[in-house]
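In what follows, a single structure is set out as structure tokens and then discussed.
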Amino acid sequence: MDKLAIVGGNPVIQHDFERYVTIGEEEIAAVTSVMKTGNLSQFIGAWCPDFYGGPTIQQFEKEWADYFGVQHAIAVNSWTSGLTAAVGAIGIEPGDEVIVSPWTMAASATAILHWNAIPVFADISREDFCLDIDATERSITEFTKAIMIIDIFGQSADMEAFRNLADKYSLKLISDTAQSPGSFYNGKLTGTLADIGGYSLNYHKHIHTGEGGMIVTNDANLAERARLIRNHAEAVVGDKGHLDLVNMVGFNFRMGEIEAAIGIEQLRKLPSLLKSRQEIGIKLTRKLSEIYGLVVPKAIAGRTHAYYALPIILDLEKLKCDRRTIVEALNAEGLDGISEGYTNLHLLPMYQKKIAYGSQGFPWVKGIAHREIDYSKGICPVAEELHQSSFISFEVCKFNLSDEEIDLISSAFQKVLRHYSR
Ligand SMILES: *Cc1c(COP(=O)(O)O)cnc(C)c1O
């Protein structure tokens, strides 16, 4: 029983877990009813009533705004598009600096680059894996325009602290809440506390429309600018009489009626889907917290967790092997859904070589960037150590797990960690 599967013992987990599936009869019926209208999108990229899209898009946006308690929700065809529109909406100038976490999906930082602005990576906190407040403050220069907060793995960053910091230096706050829809920060829904923020509706996330995203803001001006960027701004502003032309360079970031119909049903399911993720996440956290050699995050007062992923730190001082050995042994015990490390965006070749638009280093060149930006290894020591050595995560949004299966996962960890502990 105690012989590790990796050396020929019996694996603890002997069956595949059921996948987490959110799409059902409700979505099928909603799609069918849109199909029967023959109207799969109603957006027009010119100033007219259909500039804001068809009835299903507008209903989806209204329901999203109501649920999240915000003035404006703007549906887009991905959250990558949403981030790009959000950064453009705040009126960023080429060469402006935006502080962003290196622990996020690549799109958070490229949304900054797309406006020829400069991502500046600040280190993360070991408590919540979001931007560290002190590291963020140290990264602020006279050229900083905004801070992009990533509410990573399912939990809000400390938004009160970031709001105070942003106010102190007159910066805008953008939040990327792709992984944390429905979690709370001091009674408010995560993602709604920045100047502009939003969520992904990609099929990996808690709820989805295949591909899609939603921008939220309480600022009518930012909302209108994001809607313009979504839908060919440059072709619309003249007839609309829109006077602020900054970044009124548009895209087609529009969502179709079918995705919106799916999204309406998915949003209605969010509370129950979230509850199922939280039940799994909380039970698993409690079990893993008892295992020697593992550090699982403690609950933080005022914040709830949506458990997109369960972050885990290996206490390497208590172990006589490295992370690779542990993960291989866990995999051999039949455990799927474990990732080693997360990401270090600043170490991607694009930032290391500073080659983005064209071959000449744009936008980090003289005349655009105000100073030399440091992306070298060592600028984010916490993020780098966790990524390279001690961090693993379990993808909670991949499976539906019974209590027995949660016990099996915990037994697999127990068996492997006991074997390798000092
Ligand atoms: C998924 C994700 C994105 C991108 O969302 P898409 O809808 O796939 O474009 C951005 N940021 C984070 C943190 C994400 O997890």
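Nothing fancy with the numbering, it's 1 onward along the sequence. Whatever order the structure lists them in is the order used to number ligands and atoms, beginning at 1. Everything quoted here is computed from the prediction, not taken from an experiment.
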**Asked** Relative to atom 1 (C) of ligand 1, which among His208, Lys205, Met214 owns the nearest non-hydrogen atom?
**Response** Lys205

**Prompt:** Which residue pairs satisfy the salt bridge (Lys or Arg N to Asp or Glu O under 4.0 Å) criterion with at least one member in residues 143-165, sequence neighbours excluded?
**Reply:** Arg163-Asp167, Arg163-Asp195

Under a plain distance cut-off of 3.5 Å, with no hydrogens placed, do [Y] and [X] share a side-chain donor-acceptor pair?
| X | Y | value |
| --- | --- | --- |
| Glu97 | His370 | no |
| Gln71 | Thr217 | no |
| Ser200 | Asn202 | no |

Under 6.0 Å between the ring centres of [X] and [Y]?
| X | Y | result |
| --- | --- | --- |
| His387 | Tyr342 | no |
| Tyr307 | Phe153 | no |
| Phe43 | Tyr52 | no |

**Request:** Could you tell me if any non-hydrogen atom of His204 lies under 4.0 Å from any atom of ligand 1?
**Result:** no

**Prompt:** Ala107 near ligand 1, heavy-atom distance under 4.0 Å?
**Reply:** no

Going by the atom numbers of ligand 1, which of them fall below 4.0 Å from some non-hydrogen atom of [X]?
| X | answer |
| --- | --- |
| Gln179 | 13 (C), 15 (O) |
| Gly212 | 7 (O) |
| Ser108 | 11 (N) |

Return the residue, atom name and 0.1 Å-rounded distance of the protein heavy atom closest to [atom].
| atom | answer |
| --- | --- |
| atom 11 (N) of ligand 1 | Asp176 OD2, 2.6 Å |
| atom 8 (O) of ligand 1 | Asn202 CB, 3.5 Å |
| atom 7 (O) of ligand 1 | Ser200 OG, 2.7 Å |
| atom 3 (C) of ligand 1 | Met105 SD, 3.5 Å |

With heavy atoms under 4.0 Å as the rule, classify the contact between [X] and ligand 1 as side chain, backbone, both or neither.
| X | result |
| --- | --- |
| Thr80 | both |
| Ala178 | side chain |
| Ser81 | neither |

**Asked** Can you find an N/O atom of Glu211 closer than 3.5 Å to an N/O atom of ligand 1?
**Response** no

**Prompt:** In Å, rounded to the nearest 0.5 Å, how long is the span from CG of Asn39 to CD1 of Ile258?
**Reply:** 10.0 Å

**Prompt:** When you check the gap from the basic side-chain N to the acidic O, do Glu328 and Arg324 get nearer than 4.0 Å?
**Reply:** yes

